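Data block below; observations after.
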Amino acid sequence: MHRKASRDIDWKRIRQDFPVLDQTVHGHPLIYFDNAATTQKPGPVIEAVRHFYERDNANVHRGLHELSSRATEAYEGARQRVAAYLGAASADEIVFTRGTTESINLVAQTWGAKYLRQGDVVLLTEMEHHSNLVPWQLLAERTGINLRFLPVREDGTLDLAQLDSLLTSEVKLVAFTHVSNSLGTINPVADLCAKARSVGAVSLVDAAQSAGHLPVDVRQLGCDFLACSGHKMCGPTGIGVLYGRAELLEAMPPWQGGGEMIVSVSLEKTTFKKPPHRFEAGTPNIAGAIGLGAAIDYIEGIGRPAILEHDTQLANYALQRISELPGIRVFGPSHERGALVGFVMDAAHPHDLTTFADHQGLALRGGHHCNQPLMRKFGVPGTTRASFYFYNTTEEIDRMIEILAKAARFFS
Ligand SMILES: Cc1ncc(COP(=O)(O)O)c(C=O)c1O
């Protein structure tokens, strides 16, 4: 892993790798602060996908011809890169999915359906994205399991003092986000996983907002499952990852049935491949996996410690500048936060403010951010969110402050 510090990196040059950033929107230079929704893609990722379709396109695994061998090698090579990136013991612990949402649904519908019984408890937190809530609600309807929630405190951090009383012997799974997509809170993942383990519960980490932003090592974190999305870490849409500890994946039944995931099929019965292929029915997103591999190479070329440092500087600067504006309520912790700031302006609904910003070339996101229970808890219909990545600059944040100040005058 690279150990370069943020100050040793030419971030302005890196920004030039992202062609989409070089444009005007509504007559203004684009400022893209919607990175928590999806990040932009650098040239090498676009090129890797293009190269695949121009030179190597074929289906994987079953073909006995040159292009199929190349496609298979590139697809499985991407799996190796993901495994190394996440610190997995083996590439067999990496299942390609469509994204975080599909990864969590896979765990709920295979591991959950097989191992959870009526009366068992899944412990979540109040800050979960709908994709780490709705799959468990669906499973609860089918199996009679109960859901329990670790509360979020006013400052946007988890109320860890309540953990011991919630973590009873009925809890069989603890599933939580690494970084909150609305509050920016960075949760103590290793501690939470250790606590889960101490009562014999399995842990699942939603790393959608962390995998591209900070070092994530599944063995250091001590988690059993981890889910993330390629498109939130410089990769293409439609590709994501489920990491599962080998022992757990091996004991899980298949999810979808079809080609690619079988050893032999008769009209009566099928035997299934080992993980990860058991969970990848049908033709996979080959180009997406190859693009994700290229995204990982790109991120590793910069180094996650430096990206974290740079993102943290941007988030802290934005937090400080936004707090200077009158009539603004900022959500989330004042320190230890991920690369985003959510806020509400007294004078304007988040949708109106976001539309106003768009007309100035500034891409923010306004709404509930798939966190409706959390918004309800904080007594707001939604927030406006500015989320950053390493190609963003403090100058862009200054421009955002000007736009927000102008909006405050406009809406008052
Ligand atoms: C914390 C968190 N979890 C899960 C998701 C869902 O990711 P995807 O839509 O890529 O499946 C998101 C997306 O915003 C997220 O922020």
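Numbers here simply count residues along the sequence, with the first being 1. Whatever order the structure lists ligands and atoms in, that order sets their numbers, starting from 1. All values derive from a computational prediction rather than experimental measurement.
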Exercise. Under 3.5 Å, is there a donor-acceptor pair linking the side chains of D17 and Y391?
Worked result: no

Exercise. Is there at least one pair of N or O atoms, one from E102 and one from ligand 1, spaced under 3.5 Å apart?
Worked result: no

Exercise. F33 and F388: aromatic ring centres closer than 6.0 Å?
Worked result: yes

Exercise. What about the rings of Y389 and H213, do their centers lie closer together than 6.0 Å?
Worked result: yes

Problem set entry | Closest protein heavy atom to atom 3 (N) of ligand 1, given as residue, atom name and distance to 0.1 Å | D206 OD2, 2.5 Å

Exercise. Tell me: protein heavy atom nearest atom 9 (O) of ligand 1, and distance?
Worked result: T101 OG1, 3.7 Å

For this session: Indicate whether the side chain of T383 and that of H369 have a donor and an acceptor atom separated by less than 3.5 Å.
Result: yes

Exercise. Which part of T177 is near ligand 1, with near meaning a heavy atom under 4.0 Å away: side chain, backbone, both or neither?
Worked result: side chain

Problem set entry | Ring centers of F96, Y75 separated by less than 6.0 Å | yes

For this session: Do me a favour and list the nearest non-hydrogen protein atom to atom 15 (C) of ligand 1 with residue, atom name and distance?
Result: H129 CD2, 3.3 Å

Exercise. Is S131 near ligand 1, meaning one of its heavy atoms is under 4.0 Å from it?
Worked result: yes

For this session: Would you tell me whether E128 and T125 have side-chain atoms, one donor and one acceptor, within less than 3.5 Å of each other?
Result: yes

For this session: Assess R98 for proximity to ligand 1: is some non-hydrogen atom of it under 4.0 Å away?
Result: no

Exercise. Parallel under 30°, tilted from 30 to 60°, perpendicular over 60°: which one fits the rings of F378 and F331?
Worked result: perpendicular

For this session: Output, in order, the C-alpha distance, side-chain angles, deciding distance and verdict of side chain to side chain donor-acceptor pair (under 3.5 Å) for E324 and Q320.
Result: CA-CA 7 Å; E324 287 165 10; Q320 175 220 319; 3.3 Å; yes

Exercise. Which atoms of ligand 1 sit under 4.0 Å from any heavy atom of S229?
Worked result: 7 (O), 8 (P), 10 (O), 11 (O)

Exercise. Crowded around K114 NZ? As in, over 12 foreign heavy atoms under 6.0 Å?
Worked result: yes

Exercise. With a 4.0 Å cut-off on heavy atoms, is H178 touching ligand 1?
Worked result: no

For this session: Specify the protein heavy atom at minimum distance from atom 16 (O) of ligand 1: its residue, its atom name, and the distance to 0.1 Å.
Result: Q209 NE2, 2.7 Å

Seminar exercise, completed: For K232, the atoms of ligand 1 under 4.0 Å from one of its heavy atoms are 7 (O), 10 (O), 12 (C), 13 (C), 14 (O)

For this session: Under 4.0 Å from a heavy atom of A208: give me the atoms of ligand 1 that qualify, with their elements.
Result: 2 (C), 3 (N), 4 (C), 5 (C), 12 (C), 15 (C)

Problem set entry | Sub-4.0 Å atoms of ligand 1 with respect to non-hydrogen atoms of N181 | 1 (C), 16 (O)

